[in-house]
Amino acid sequence: MIGVVAKLNIQDGKQDEFEQVAKDLMAKVKANEPGCLTYQLYKSKKNANGYIFMEQYANKEALEAHGKTDYFRAAGAKMGGCLAGAPDVQYYDIVE
């Protein structure tokens, strides 16, 4: 399994717009990607502009397929206008 944590900093006043796009994306991922085991957005309790996506994929192929979907690409373009900087995306291998 592969874990992904994507840290995002959102521009002031763009939180609601960002969250709506993210909620739509989460619903599409959960409905269409059986290889994506977790895909959830979290908002920081300390920083009103700080968010993370926590993701878990069954394998490399599922992760690659996620990034190629039309709805992911469309959401990425919409979210990009809300970001206050580049996302920090980290990839992890499961420890069993």
Side-chain angles (χ1 to χ4, degrees):
M1 279 190 263
I2 300 170
V4 179
V5 177
K7 295 179 184 178
L8 307 165
N9 200 22
I10 306 305
Q11 297 175 42
D12 284 331
K14 296 277 189 170
Q15 294 92 339
D16 289 342
E17 179 183 346
F18 170 76
E19 288 182 19
Q20 287 305 314
V21 174
K23 288 175 185 178
D24 182 60
L25 175 59
M26 285 187 293
K28 289 175 179 170
V29 169
K30 291 173 183 177
N32 296 297
E33 297 182 42
C36 181
L37 309 174
T38 301
Y39 197 83
Q40 187 63 50
L41 180 68
Y42 293 88
K43 183 174 184 175
S44 173
K45 289 183 174 277
K46 292 184 178 183
N47 174 5
N49 298 338
Y51 292 81
I52 61 168
F53 271 108
M54 293 180 68
E55 308 167 29
Q56 186 179 34
Y57 298 90
N59 52 43
K60 180 181 174 185
E61 293 77 19
L63 174 58
E64 290 173 353
H66 168 72
K68 294 177 182 175
T69 63
D70 290 339
Y71 51 84
F72 176 78
R73 290 178 180 182
K78 291 177 185 174
M79 285 186 209
C82 298
L83 296 178
D88 176 15
V89 182
Q90 301 290 322
Y91 299 88
Y92 299 88
D93 290 323
I94 192 169
V95 177
E96 296 185 289

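Just so it is clear, the structure is predicted and the values come from calculations on it, not from any experiment. Below, each value reflects all heavy atoms present in this structure, side chains not excepted, and no hydrogens, waters or symmetry copies. We number each residue from 1, following the sequence as shown.
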Ile52 side, atom CD1; Gln40 side, atom CD - distance, nearest 0.5 Å
10.0 Å
If you look only at pairs with a residue in residues 27-39, which of them pass as a salt bridge (charged side-chain N to carboxylate O under 4.0 Å, His left out), with sequence neighbours excluded?
Asp24-Lys28
Using ring pair (Phe, Tyr, Trp, His ring centres under 6.0 Å) as the criterion, list what pairs up with Phe72, not counting sequence neighbours.
His66
What residue pairs, at least two apart or across chains, pass salt bridge (charged side-chain N to carboxylate O under 4.0 Å, His left out) with a residue in residues 37-50?
Glu19-Lys43
Contact between Thr69 and Val29 at the side-chain level, heavy atoms closer than 4.5 Å - yes or no?
no
Can you confirm whether more than 12 heavy atoms, excluding those of Asp70, are under 6.0 Å from its CG atom?
no
Applying salt bridge (charged side-chain N to carboxylate O under 4.0 Å, His left out) as the test, list every pair that has at least one member in residues 49-62; sequence neighbours left out.
Lys60-Glu64
With sequence neighbours excluded, residues passing salt bridge (charged side-chain N to carboxylate O under 4.0 Å, His left out) with Lys68:
none
Run the salt bridge (charged side-chain N to carboxylate O under 4.0 Å, His left out) test against Lys14 and tell me which residues pass, sequence neighbours left out.
Glu17
Considering non-hydrogen atoms only, spot the tightest contact between Gly50 and Asn9 and give its length.
N-OD1, 4.1 Å
Minimal non-hydrogen separation, Ala62 against Gly35, with atom names:
CB-O, 3.5 Å
Working note: Leu25 + Lys78, criterion side-chain contact (heavy atoms from CB on, under 4.5 Å); need CA distance, chi angles, decisive distance, verdict.
CA-CA 11 Å; Leu25 175 59; Lys78 291 177 185 174; over 6 Å; no
Given the rule that I, L, V, M, F, W and Y join up when any side-chain heavy atoms are under 4.5 Å apart, are Leu8 and Met26 in one cluster?
yes
Transitive ILVMFWY side-chain link Ile94 to Tyr57, under 4.5 Å
no
Which distance, rounded to the nearest 0.5 Å, do you find between the CD of Gln56 and the OG1 of Thr38?
4.5 Å
By ring pair (Phe, Tyr, Trp, His ring centres under 6.0 Å) - contacts of Phe53 (at least two apart):
Tyr39
Kindly list each side-chain donor-acceptor pair under 3.5 angstrom involving residues 81-92, sequence neighbours excluded, with atom names and distances?
residue: Asp88; atom: OD1; partner: Gln90; partner atom: NE2; Å: 2.8

Between atom CG of Asp16 and atom CD1 of Ile10, what is the distance when rounded to the nearest 0.5 Å?
11.5 Å
side-chain hydrogen bond (donor to acceptor under 3.5 Å, both in side chains) involving Gln15 - partner list, sequence neighbours excluded
Asn49
ring-ring contact (aromatic ring centres under 6.0 Å, His included) pairs, two or more places apart, involving residues 10-33
Phe18-Tyr51
